[in-house]
S.K.: 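One structure, as structure tokens, below. Some questions next.
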Amino acid sequence: MQHRGEIIKEAVYKSGLSITELAKRIGKSRRWVYLMFENNSVSLDVILQIGTIIHHNFTKEIEEFEPIKKAFDKSNKSENDDFSGENWKNKYLQLLEEYNALLKEKLNS
């Protein structure tokens with residue numbers, strides 16, 4: 001099993017955020033943070049919270065996130081989903097053309 005505390009510790013030190021600032025943002029003491037670094041089984045909720053604070057994605061390092069990540073990816077992705085700017089532009093233009101056609105129809109009747 002992975003040592004979650006060590007993974008978090010490494011990511012926190014790489015982020016450049018001080019332990020004091022991290023503790024303040026989590027609402028815990030510095031001592032709590034250092035004890036967490038020694039903890040082999042830090043909860044996933046705490047890991048996500050720290051990841052948000054230091055802008056780090058722990059899903060690559062922590063195995064337990066993999067099934068959650070796969071389920072989330074499958075449930076949120078379909079073959080027709082495309083949220084690119086080009087797709088939205090095309091949808092807007094299509095609606096605009098339909099609106100103009102309706103206006104012309106109304107004016108001609």
S.K.: In Å and rounded to the nearest 0.5 Å, what is the CG to CD distance from L102 to E97?
M.R.: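 With rounding to 0.5 Å, CG (L102) is 12.0 Å from CD (E97).
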
S.K.: Drop me the distance from K28's NZ to I50's CD1, to the nearest 0.5 angstrom.
M.R.: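 Here the rounded value is 10.5 Å.
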
S.K.: List the residues meeting side-chain contact (heavy atoms from CB on, under 4.5 Å) with E6, not counting sequence neighbours, and say none if there are none.
M.R.: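 Counting only residues at least two positions away or on another chain, E6 forms a side-chain contact (heavy atoms from CB on, under 4.5 Å) with H3.
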
S.K.: To the nearest 0.5 angstrom, please state how far the CD1 atom of I53 sits from the CD1 atom of I26.
M.R.: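 It comes to 4.5 Å.
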
S.K.: If I take atom NZ from residue K9 and atom CD from residue E38, how far apart are they, to the nearest 0.5 angstrom?
M.R.: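 So the gap between those two atoms works out to 7.5 Å.
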
S.K.: Write down the atom of V33, the atom of A23, and the distance for their closest heavy-atom approach.
M.R.: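 Smallest heavy-atom distance, with atoms named: CG2-CB, 3.8 Å.
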
S.K.: Just by distance, no angles: are the side chains of S43 and D45 close enough, under 3.5 Å, to form a donor-acceptor pair?
M.R.: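 Distance-only check fails for S43 and D45.
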
S.K.: State the OH-CD1 distance between Y13 and I54, to the nearest 0.5 angstrom.
M.R.: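 Rounded to the nearest 0.5 Å, the OH-CD1 separation comes to 12.0 Å.
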
S.K.: Kindly work out whether a path of hydrophobic side-chain contacts (I/L/V/M/F/W/Y, heavy atoms less than 4.5 Å apart) joins L35 to V12.
M.R.: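 In one cluster with L35: V12, no.
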
S.K.: With a 4.5 Å cut-off on side-chain heavy-atom distances among I, L, V, M, F, W and Y, is there a chain of contacts connecting L44 to V46?
M.R.: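 Yes, because L44 and V46 connect within a single hydrophobic cluster, where side-chain heavy atoms sit under 4.5 Å apart.
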
S.K.: Above 12 or not: heavy atoms from other molecules or residues under 6.0 Å from CD of E105?
M.R.: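 Open.
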
S.K.: Could you pull out all residues at least two apart from E61 that satisfy side-chain contact (heavy atoms from CB on, under 4.5 Å)?
M.R.: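 For E61, the residues satisfying side-chain contact (heavy atoms from CB on, under 4.5 Å) (neighbours in sequence not counted) are I7, H56, F58.
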
S.K.: Looking only at heavy atoms, what is the nearest atom pair of N57 and T59, with distance?
M.R.: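 Answer, listing the atom of N57 first, then T59: OD1-OG1, 2.6 Å.
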
S.K.: Indicate, with yes or no, if Y34 and I8 share a hydrophobic cluster defined by side-chain heavy-atom contacts under 4.5 Å among Ile, Leu, Val, Met, Phe, Trp and Tyr.
M.R.: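 Shared cluster, yes.
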
